[in-house]
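The basis for the numbers below is simple: all heavy atoms, side chains too, and nothing from hydrogens, waters or symmetry mates. Read the numbers this way: they start at 1 and go in the same order the structure lists the ligands and their atoms.
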Amino acid sequence: MKKKILVTGGTGYIGSHTTVELINAGYEVVIIDNLSNSNREVIDGIEAITGVRPAFVEGDCTDIATLRNLFTSHPGIAGIINFAASKAVGESVQKPLLYYRNNLVTLMNLLELMPEFGVRGIVFSSSCTVYGEPDKNPIDETAPIKAATSPYGNTKQISEEIIEDYIASGAPIKSIILRYFNPIGAHPSALIGELPVGVPQNLVPYLTQTAAGIREQLTVFGNDYSTPDGSCIRDYIDIIDLARAHVIAMTRMLDGADTDAVEIFNLGTGRGLSVLELINSFEAATGVKVPYRIGERREGDIEKIWADPKKANEVLGWKAEVPVEDTMRNAWAWQQRLGQSL
Ligand code: NAD
Ligand code: UD1
């Protein structure tokens, strides 16, 4: 019988791509999402790609009664991947309680219900933001956690601690915490992708909207950093590579007998790319010019960070594989599918 996985936030960007990979790997998926940052048409995209329509519950994970109903009406859920969270860094500074409530109550509700419903493992979406500005790159999982610079970042640090404390207390569950670097791109079918609401804050959606003529010009936030071309460096990871890692993590938790109860992995490529290099790779891959100008630094930006993914490579047997040019073509195909509507 297929193992059943609950994907919270499953109509969102990373959740939808992960659902596709879970279905392709033979899992049955139940999605819960409150559609606060996504829409139900995403389910059609998942069905069009996989031929399977995942069960969908429209509901809010901060409401424990809703979750209890879900576990009762979908018995036998073996594992959870928890994507449901609010994720806009700037908004979290304006509305800290919304972020603490949504991100932390969601996690605590799920943890509390897991033993009651016999759910054995939870994969948690964390972020490289927990490292702050690294003392050295590439950065591995043993690097110190730095004071969070936003309530959003703080929710990720606190969530990691909540999971660790709960499991240390003897809760009969396992967890794999995944620290994502910068996820970008879309499914190669262009049937699902990232749906930015309003003016994008992140680089790739802003870049593709500029290439499409929706935005006049991309601003490169600073070219006077201490990097080879002066612009900031990040580790951009393809969304399909990222999604695949979740499937491997879930299988490891559910089927691996001797694994530690809590494990933490960096998910990155191990290669840092500057903002200017990323723009160049987009132009080379698509043949489309991106009008840009050099602007001021963005407050709070990290100068450079990229992952040491050795632990994930060796322990999970996972490696980022998609060349960045393919990722850029997929991001562009998705943008063209979205059209001028945003
Ligand atoms: P997203 O906003 O596209 O997806 C999150 C989904 O969760 C959305 O569909 C939203 O409607 C839903 N949701 C939010 N609160 C909910 C609630 N209380 N109940 C039910 N559904 C709820 O974001 P994403 O980029 O797919 O991110 C997924 C996870 O990965 C988040 O936890 C995010 O913090 C984390 N993460 C994302 C990035 C990134 O760059 N995208 C980087 C590091 C970590
Ligand atoms: C953002 C989040 C971080 C999250 C990470 C993962 C912030 C402050 N941080 O980080 O918490 O974990 O995503 O995806 O939002 N840039 C431009 N012009 C633009 C937009 C961005 O030059 O219009 C540059 C930025 O200065 C940065 C790079 O592009 O150097 C990437 O920016 P972005 O996509 O916002 O991601 P992060 O800042 O890495």
Between [X] and [Y], is any side-chain donor less than 3.5 angstrom from a side-chain acceptor?
{"X": "Glu91", "Y": "Tyr152", "answer": "no"}
{"X": "Glu160", "Y": "Ser126", "answer": "yes"}
{"X": "Asn223", "Y": "Ser231", "answer": "no"}
{"X": "Asn154", "Y": "Tyr99", "answer": "no"}
{"X": "Lys156", "Y": "Thr129", "answer": "no"}

For [atom], what's the nearest protein heavy-atom neighbour? Residue, atom name and distance, please.
{"atom": "atom 29 (C) of ligand 1", "result": "Phe83 O, 3.4 Å"}
{"atom": "atom 33 (C) of ligand 1", "result": "Tyr152 OH, 3.6 Å"}
{"atom": "atom 35 (O) of ligand 2", "result": "Arg298 NH2, 2.9 Å"}
{"atom": "atom 15 (N) of ligand 1", "result": "Asn102 ND2, 3.0 Å"}
{"atom": "atom 10 (O) of ligand 2", "result": "Asn182 ND2, 4.3 Å"}
{"atom": "atom 40 (O) of ligand 1", "result": "Pro183 CD, 3.3 Å"}
{"atom": "atom 25 (O) of ligand 1", "result": "Lys87 NZ, 2.8 Å"}
{"atom": "atom 16 (C) of ligand 1", "result": "Asn34 ND2, 3.4 Å"}
{"atom": "atom 6 (C) of ligand 2", "result": "Phe181 O, 3.6 Å"}
{"atom": "atom 2 (O) of ligand 1", "result": "Asn37 ND2, 2.7 Å"}
{"atom": "atom 13 (O) of ligand 2", "result": "Asn202 ND2, 3.8 Å"}
{"atom": "atom 7 (O) of ligand 1", "result": "Gly9 CA, 3.3 Å"}
{"atom": "atom 18 (N) of ligand 2", "result": "Thr219 O, 2.7 Å"}
{"atom": "atom 27 (C) of ligand 2", "result": "Arg234 NH2, 3.6 Å"}
{"atom": "atom 26 (O) of ligand 2", "result": "Asp301 OD2, 2.5 Å"}
{"atom": "atom 17 (C) of ligand 2", "result": "Phe221 CD1, 3.3 Å"}

Counting distance only, does the side-chain N/O of Ser175 pair as donor-acceptor with the main-chain N or O of Ile122 below 3.5 Å?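 Here the side-chain-to-backbone pair exists.
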salt_bridge([X], [Y]) N-O dist < 4.0 Å:
{"X": "Asp235", "Y": "Lys304", "value": "no"}
{"X": "Lys319", "Y": "Asp241", "value": "no"}
{"X": "Lys2", "Y": "Glu28", "value": "no"}
{"X": "Arg297", "Y": "Asp224", "value": "yes"}
{"X": "Glu283", "Y": "Lys289", "value": "yes"}
{"X": "Asp238", "Y": "Arg244", "value": "no"}
{"X": "Asp301", "Y": "Arg234", "value": "yes"}
{"X": "Glu141", "Y": "Arg179", "value": "no"}
{"X": "Arg252", "Y": "Glu263", "value": "yes"}

Proximity of [X] to ligand 1 by residue part, where a heavy atom lies under 4.0 Å:
{"X": "Ser86", "answer": "neither"}
{"X": "Ile14", "answer": "both"}
{"X": "Glu194", "answer": "neither"}

Nearest heavy atom to atom 12 (C) of ligand 1: which of Ile184, Asp33, Leu35 does it belong to?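 Nearest heavy atom to atom 12 (C) of ligand 1 lies in Asp33.
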If you measure from each heavy atom of [X] to ligand 1, is any distance below 4.0 Å?
{"X": "Ser126", "answer": "yes"}
{"X": "Thr8", "answer": "no"}
{"X": "Gly59", "answer": "yes"}

Evaluate [X] for polar contact with ligand 1, using N/O atom pairs at a separation under 3.5 Å.
{"X": "Asn82", "result": "no"}
{"X": "Asp60", "result": "yes"}
{"X": "Ser127", "result": "no"}

How far apart are the closest heavy atoms of His74 and Ala55, and which atoms are they?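 Shortest heavy-atom contact: CE1-CB, 3.9 Å.
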Structural part of [X] in contact with ligand 2, heavy atom criterion under 4.0 angstrom:
{"X": "Tyr292", "answer": "neither"}
{"X": "Tyr180", "answer": "neither"}
{"X": "Val89", "answer": "side chain"}

Backbone or side-chain N or O of Leu203 under 3.5 Å from ligand 2 N or O: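 In this structure, Leu203 places an N or O atom under 3.5 Å from an N or O of ligand 2.
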Does the N or O separation between Ser127 and ligand 2 drop below 3.5 Å for any pair?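 The answer is yes, given that Ser127 and ligand 2 share an N or O pair closer than 3.5 Å.
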Stepwise salt bridge (charged side-chain N to carboxylate O under 4.0 Å, His left out) test for Lys3 and Asp255: CA-CA 11 Å; Lys3 288 204 176 99; Asp255 299 346; 2.9 Å; yes
What atoms of ligand 2 come within less than 4.0 Å of a heavy atom belonging to Val220?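 So the atoms of ligand 2 that pass are 22 (O).
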Would you mind listing which atoms of ligand 2 come within a distance below 4.0 Å of any non-hydrogen atom of Pro183?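 So the answer, numbered in order with elements, is 14 (O).
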At less than 4.0 angstrom from any non-hydrogen atom of Ser125, what atoms of ligand 1 do you find?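 Here the atoms of ligand 1 in question are 29 (C), 30 (O), 32 (O), 35 (C).
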Under 4.0 Å to a heavy atom of Cys61 - the qualifying atoms of ligand 1, by number: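 Listed by number with element, the hits are 17 (C), 18 (N), 19 (N), 20 (C).
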Yes or no on side-chain hydrogen bond (donor to acceptor under 3.5 Å, both in side chains) for Asn266 and Tyr131, after CA distance, side-chain angles and deciding distance? CA-CA 11 Å; Asn266 281 346; Tyr131 298 122; 2.7 Å; yes
Does the ring center of Trp332 lie less than 6.0 Å from the ring center of Phe282?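 Yes; Phe282 has its ring centre under 6.0 Å from that of Trp332.
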